[in-house]
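Reading through the structure tokens given below for one structure.
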Protein chains: 2
Amino acid sequence: MDAPAPIAAANPCSACAIRNRAICADLDENEIAILNTLGRQRLLQPGEQLLWEGEEAVLVANVIAGVLKLFTQTSDGKEQILGLAYPSDFIGRPFGETTPYGVEALSEAHVCVFRRSDFDRFAREHPRLEHKLLERTLAELDRTRRWMLMLGRMNAEQRVANFLLETADRLARDGCGTAVGVQSAAFTLPLSRQQVADVLGLTIETVSRQLTRLKAGGIIALPARREVIISDRARLENLIA
Amino acid sequence: MDAPAPIAAANPCSACAIRNRAICADLDENEIAILNTLGRQRLLQPGEQLLWEGEEAVLVANVIAGVLKLFTQTSDGKEQILGLAYPSDFIGRPFGETTPYGVEALSEAHVCVFRRSDFDRFAREHPRLEHKLLERTLAELDRTRRWMLMLGRMNAEQRVANFLLETADRLARDGCGTAVGVQSAAFTLPLSRQQVADVLGLTIETVSRQLTRLKAGGIIALPARREVIISDRARLENLIA
DNA sequence: CGGGACTTTGATCCTTATCAACTTATGTGG
DNA sequence: CCACATAAGTTGATAAGGATCAAAGTCCCG
């Protein structure tokens, strides 16, 4: 811990866990101080919704801790998860009229919330921040497009394999997982089976069956409902390649 | 026409058909002059490829005329179209190492090409340009996410209906289509049946059958292979809603 | 007018959705 | 601490939507 408590209290950004990874990373002390007056922290409970699809876009936020889902649904109520937001990710729709998707916490989550109007103004005045946001948005667009290939052209087995590999990587990067050697990894899924299905465009039964098959094949182990161990990464990767 | 020919010859941007809609819209005369020295126009034939997935990202471009597809494929060769680029759209991956998808002209197409390194530098020095690019990228991300709902959760009929409505709107906005009253529209598809299938994550046969059904139902007419008339927009919209 | 590409139509198969029952966790109050 | 209630997940049987394979039809261009 490099920030003593008093300073942290005066300027929460200084003590922010994601200070160096979020879009605020490039800002100097002055800028951080201003941004600090605009944002406020909020704690979300699992299942609590932060943004509603179609509503006026009043809020944007940075994820400090926890995992959230971005989602939408068809007119007949089938849900599709459009993205997962992990610590340091940015959520909401800057420079837009309406929020194009719902956002809901999957775990207990800390977010740093800004009124969109405040954020937009600050961003336009601070090109370095806008640049960070641009890089993030471009990266998110790339990720989303890879996801499209999965939804459009992969079968159930490939989708599940893909999902496990991507989730393992993402959690490992955030230090939430436990690396167990090169060819194996254990992690806790931030999603229920239904939510995995909503990510992959499948049904809960199909997801369950595919996981059972992978377990039976010795490729993964499932010590508990949300625990996954990739015991044969090479073989898992082979299902996609 | 507000730019006389000689000036146009000296500075093609001044005469550029998309000057006021592309990301260059907010630049002043000086900036345009600089950008003009960095870009060069290129004419692409239908089927000609501009960018290759996985290659080093050397180029970015603005579409001046025509339609291009962004695409990727699975290891076993099934293609998924990830986006369509129309006039004034930006293509390529600024601020990135590798191009994350292939880009190929669907029609004869004019593009204004920049070396990525030049473009990146220029963009970083001109926040108004970066802002435009950010707005475009955010809009593209929204569009891509709506597309995900279609790929993940809609059946073949809904996908085709959705596609026809979106294509009609997009072409109308670009003035490429012909509005025929409020409840009806005619346009020329910029895509073959196979390419429509690659957009929708379906097979060519399924697309063909769905179009035939819509025609039989009197919802659309298909006067020629690539000609579509939406004769009952309300009913087409009802298939999705 | 003929050849090739593109498209449509038909028959069949296969994957995944759907419906239903059962099992396993999770948690609560007696 | 255990019995019970509830939610989450698994497994099974069946059905349906779309893929695949095959063939015929249509358009376009030289």
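Computed from heavy atoms alone, side chains included, the values below leave out hydrogens, waters and symmetry copies. Throughout, protein chains are lettered first and strands after them, A, B, ... in sequence-line order, and every chain is numbered starting at 1. In this text the structure is predicted, and so the values were computed from the model without any measurement.
Atom CG in D198(A) sits about 12 Å away from atom P in dG9(D), given to the nearest Å. Look at CG on L202(A): it is 11 Å from P on dT18(C), rounded to the nearest Å. Remark: C1' of dA19(D) and CD of Q158(A) are 15 Å apart, rounded to the nearest angstrom. Rounded to whole Å, the distance from CG on L222(A) to P on dG9(D) is 12 Å. The nearest whole Å value for the distance from the CZ atom in R159(A) to the C1' atom in dA17(C) is 12 Å. With rounding to whole Å, L191(B) atom CG is found 14 Å from dC6(C) atom C1'. We find that CZ of R226(B) is positioned 15 Å from C1' of dT26(D), with the value rounded to whole Å. A straight line from CD of E227(A) to P of dA8(D) spans 17 Å, rounded to a whole angstrom.
Taking 3.5 Å as the limit, the base of dC6(C) and the side chain of R193(B) contain no donor-acceptor pair of atoms between them. Remark: the R213(B) side chain and the dT8(C) base include no donor-acceptor N/O pair separated by less than 3.5 Å. For dG12(D), the base has a donor-acceptor partner in the side chain of R209(A) [N/O atoms by modelled type, under 3.5 angstrom]. A donor and an acceptor atom sit less than 3.5 Å apart, one in the side chain of E205(B) and one in the base of dC21(D).
Within a 6.0 Å sphere centred on CD of E97(A), other residues, nucleotides and ligands contribute 12 heavy atoms or fewer. Other residues, nucleotides and ligands place more than 12 heavy atoms under 6.0 Å from the CZ atom of R143(B). The number of heavy atoms from other shown groups lying within 6.0 Å of CZ (R115(B)) does not exceed 12. R226(B) CZ: more than 12 foreign heavy atoms inside a 6.0 Å radius.
The nucleotide whose nearest atom lies closest to any side-chain atom of T206(A) is, among dA17(C), dT9(C), dT10(D), dA17(C). Picking from dC27(D), dT20(D), dA13(D) the nucleotide with the shortest atom distance to the side chain of R225(B) gives dC27(D). You'll find that the side chain of Q210(A) is closest to dT16(C), out of dT16(C), dT8(C), dG12(D).
Annotation: proximity of residues 144-154 of chain A to DNA chain C (heavy atom, distance under 4.0 Å) is found for no residue. The stretch residues 65-72 of chain A does not touch DNA chain C, since none of its heavy atoms comes less than 4.0 Å from the strand.
If you check every strand for non-hydrogen atoms under 4.0 Å, L211(A) touches nothing. Here T203(B) lies in heavy-atom contact (under 4.0 Å) with a base.
DNA chain C is contacted by both A224(A) and T212(B); T212(B) maps to the nucleotide lying nearer its 5′ end (nearest heavy atom per residue).
In this structure the side chain of L50(B) reaches within 4.5 angstrom of the side chain of R42(B), judged on heavy atoms.
Contact record, L82(B) with W147(B): O-CZ3, 3.5 Å, taken as the closest heavy-atom pair. Closest of all the heavy-atom pairs between I18(B) and V63(B) is CD1-O, 3.1 Å.
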Check the pair E237(B), R233(B) against salt bridge (Lys or Arg N to Asp or Glu O under 4.0 Å), reporting the backbone distance first and the verdict last.
CA-CA 6 Å; E237(B) 282 165 348; R233(B) 182 174 244 270; 2.7 Å; yes

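Using a 4.0 Å cut-off between charged side-chain N and carboxylate O, D76(A) and R153(B) make no salt bridge.
Shown are R21(B), R136(B), K69(B); of these, the salt bridge (Lys or Arg N to Asp or Glu O under 4.0 Å) with D89(B) is made only by R136(B).
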